2 protein chains.
Amino acid sequence: MELVKHLEEISLFSGLTSADYDELAMIATDQEFRRGQTIFNQGDEGVGFYVILNGRVKIYKVSPDGKEQILHLPGPGETFAEVAVFTGSRYPAHAEAADKSRILFFPKSSFIGLIRNNPSLALNMLAALSQRLKRFSNMIEALSLKEVPGRLAAHLLYLSGRRQDAIEVELDMAKVQLASLLGTIPETLSRILAKMSKQDLIRLNGPVVRILDRQGLTDLASGETRLS
Amino acid sequence: MELVKHLEEISLFSGLTSADYDELAMIATDQEFRRGQTIFNQGDEGVGFYVILNGRVKIYKVSPDGKEQILHLPGPGETFAEVAVFTGSRYPAHAEAADKSRILFFPKSSFIGLIRNNPSLALNMLAALSQRLKRFSNMIEALSLKEVPGRLAAHLLYLSGRRQDAIEVELDMAKVQLASLLGTIPETLSRILAKMSKQDLIRLNGPVVRILDRQGLTDLASGETRLS
DNA sequence: CGCTGCGTTGAGCTTCTTCAACGATCGTGG
DNA sequence: CCACGATCGTTGAAGAAGCTCAACGCAGCG
C-alpha cells in the first residue's frame, strides 16, 4: 500500500511496527484541498485529526471584525487538530489550506483504539502535544511581554536556526501571514522591517532577509534593546 | 498508605487500579512549599512533574524588565510541568507557590515507565494536555484579538460559570495577579473595573463582583462592543 | 507602630492600529 | 497575448489603547 510509505516518514508514527502501519493505513482517508479551502471551522464537531503529506495548513482564530491570529502553520509531516481527539468536543480554531495540500484524516475513535494498544504511539503523541504547548507558551510570552520588533527579531532568529553563521533567511510565508502569526498587521510589520533595515540589523530583499547584526536582533528579541 | 487516598481524587489518575495507585505512591515524593517559594525556574533541568494536593501555584514567564505573565494558576487536584516529562528538556517557565502548598512530585523516568504500561493513564494525560492546549489557544486569541476590557469580561463570565443566574463572583486571586493573568498591569485593570462599574455592567465590592448586565459583558467579551 | 504589599487615580507618552492612497505582481479570462 | 482584478506590500497622517511614572490611602502583620 502506498500510504504506508508516507506514514513511515511521519515522526508521530516513528517506532511503530509494520502491523501498526497497516492498521493506520486502514483507518486513514486521503484528502486533497486546494489553496484557500476550508478544512474545518471553529466550533465544528471534532471528528478526528490530520497529518499533512504535502502543502501547508493555517490554523487560526478570528475576531468579530475579521482580524486573524494564526496559531500554527504546520507543513509536511506535521499534524493538527489532535486536541479534538482527546477532548471529545469541538474544534477550538479554524483550519484552512494555505497551499494546495494532500492530507490524511484519522477518525477519532479508531485512533484512540490504536493508542490504547500502542504505548509508543501514545508517548509520541504526548511528546507532540508537549512540544506544541511549549510553543504556545512562548507565543503567549511574546504577545504579552514583547513588542512587535522583539517578536519579529525572535522569529527571524528562529528561522535562521541556531547556526551562528546563517546569514540569509527566507520568510516562508507571505508577510500578511507573518504579521498575523506575530499578532500584528501588515502595515506595522512593514514599518518595522524598514526600520530594522535602516539600522543595519538586516538587509531586505523580497522574501529573503540577510542578517547583518545577529547580536542586535538577539538583544531586541530578549527585550534588552529598543528599536528607536 | 495515606497518599493513595489523595491520589484517588486526582482526575489525572482516575480509572486506575489500586495496584497502579500503589505504584504511583511509590515514586511520588511529598513536598511542602511556603507562600512565595520558588518551585523551579525557567531553564532548570526538567526532572519531573507535580500534582497539587492543596494550595496554588503560579506558572509564569518574566520579561527582562521584570513584568510577569501568568500562564496558568493550578489549584488542588491539578497538575503542572507535565511538559517536562515528555520533551526531555528544560522547564519553559517559572513556578512559584502562590499559597502555602502541599505538592506531590513525580520523577520523569519512573512516570514514563508507568505510562508505558498503562493506557488509561496515557489517555488521561493526553486529555489533560489537550485541555491545556485549548486554554492556551484561547489565551493567545484573547491577547491578540481582544482588548483588556474584553479579556476581563471573558474572565468574569468564565468565573461565573455558565449559569445565567450567577450574580456574584469572587475574584479568586489578588488583582495584581489577575492583571498579570490577563496580560496587563494593575493600573489598567483598576481603571477598567471602575469604568465597568460606572456603566452598570458590574458592581464592585472588594474581591466580590456582582454581575449586573450579563449581556453587556458577553458583548464586550466577544468584541462586539467597546467600553467607551 | 512602622513597614510592606495592595489598590486607586492622574498626567504624559509610546506603541500600535486605523484609514487612505498608491505601486507592483500575478493569475486568469477575454 | 493583453488587460483586468485581486492580492500584496509600502508609506503617511491621525487617533486610540494601554503603559510608565508618581503620589497617596489602606490594610495586615511582624
Side-chain angles (χ1 to χ4, degrees), chain A residues 34-36 58 63-70 96 98-100 142-153 170-198 202 204-209 220 223 225-228, chain B residues 34-36 58 63-70 96 98-100 142-153 170-198 202 204-209 220 223 225-228:
Chain A
R34 60 182 186 284
R35 174 185 162 84
K58 177 172 81 173
S63 79
D65 49 324
K67 195 184 164 195
E68 295 182 358
Q69 168 69 44
I70 296 181
E96 170 187 315
D99 298 313
K100 182 168 185 303
L143 286 171
S144 163
L145 301 178
K146 292 178 187 164
E147 303 174 343
V148 180
R151 292 179 227 158
L152 175 56
E170 175 143 12
L171 298 180
D172 52 348
M173 62 190 89
K175 297 206 176 129
V176 202
Q177 301 207 327
L178 178 56
S180 166
L181 188 65
L182 297 178
T184 185
I185 55 175
E187 291 96 319
T188 301
L189 176 62
S190 180
R191 288 182 233 273
I192 291 177
L193 280 169
K195 211 178 266 181
M196 284 182 169
S197 280
K198 208 166 300 168
I202 59 174
L204 199 39
N205 183 11
V208 175
V209 178
L220 264 181
T225 302
R226 190 138 304 221
L227 195 60
S228 51
Chain B
R34 62 181 185 283
R35 175 184 160 84
K58 178 172 80 173
S63 78
D65 49 324
K67 195 184 164 195
E68 294 182 358
Q69 167 70 44
I70 296 182
E96 171 186 316
D99 298 314
K100 183 169 184 301
L143 286 171
S144 163
L145 301 178
K146 293 178 188 163
E147 304 175 342
V148 179
R151 292 179 228 159
L152 175 56
E170 175 145 10
L171 298 181
D172 52 347
M173 61 188 91
K175 296 204 179 134
V176 202
Q177 299 207 326
L178 178 56
S180 166
L181 188 64
L182 296 178
T184 184
I185 56 174
E187 291 96 319
T188 301
L189 177 61
S190 181
R191 289 182 233 274
I192 291 177
L193 279 170
K195 210 178 266 183
M196 283 181 171
S197 280
K198 209 165 300 169
I202 60 174
L204 199 38
N205 184 11
V208 175
V209 178
L220 263 182
T225 302
R226 190 139 302 221
L227 195 60
S228 50

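Naming convention: chains lettered A, B, ... in sequence-line order (proteins, then strands); numbering from 1 in each chain. The structure presented is a predicted model; accordingly, all values stated were derived computationally and were not measured.
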Practice problem: Check salt bridge (charged side-chain N to carboxylate O under 4.0 Å, His left out) between A:R226 and all other residues, then give those that pass, not counting sequence neighbours. | Solution: A:E147
Quiz prompt | Atom-to-atom span, CG of B:L143 to C1' of C:dC16 - whole angstrom | solution = 15 Å
Exercise. Please name all residues satisfying side-chain hydrogen bond (donor to acceptor under 3.5 Å, both in side chains) with B:D172, sequence neighbours left out, ordered by chain then number.
Key: B:R56
Exercise. With sequence neighbours left out, write down each residue that passes side-chain hydrogen bond (donor to acceptor under 3.5 Å, both in side chains) with B:D65, or none if nothing qualifies.
Key: B:S63
Practice problem: Quickly work out the B:K195 NZ to C:dG7 C1' distance and round it to whole Å. | Solution: 18 Å
Exercise. Return the set of residues passing side chain to side chain contact (heavy atoms under 4.5 Å, CB included) with A:S190 (not counting sequence neighbours), or none when no residue passes.
Key: none
Ignoring hydrogens and angles, write down the donor-acceptor pairs under 3.5 Å from the side chains of residues 176-189 of chain B, residues two or more places apart or on other chains.
{"from": "B:S180", "atom 1": "OG", "to": "B:E68", "atom 2": "O", "distance (Å)": "3.0"}
{"from": "B:S180", "atom 1": "OG", "to": "B:I70", "atom 2": "N", "distance (Å)": "3.1"}

Self-check item: Contact letters for nucleotides 7-22 of chain D, in which S counts primed atoms plus P, OP1 and OP2 and B counts the base, heavy atoms under 4.0 Å
Solution: -SSSBBB---SSSBBB
Practice problem: Would you please name every residue forming a side chain to side chain contact (heavy atoms under 4.5 Å, CB included) with A:K195, sequence neighbours left out? | Solution: A:Q199, A:L227
Practice problem: Could you pull out all residues at least two apart from A:K175 that satisfy salt bridge (charged side-chain N to carboxylate O under 4.0 Å, His left out)? | Solution: none
Quiz item: Under 4.5 Å between any side-chain heavy atoms of B:V209 and B:M196, yes or no?
Solution: no
Quiz item: Using rotation axes that map the C1' atoms of four end pairs onto the next four (five pairs an end), what angle separates the end axes of the helix from C:dC1-D:dG30 to C:dG30-D:dC1, to 10°?
Solution: 40°
Self-check item: Length of the line joining A:L182:CG and C:dT17:P, which is rounded to integer Å
Solution: 11 Å
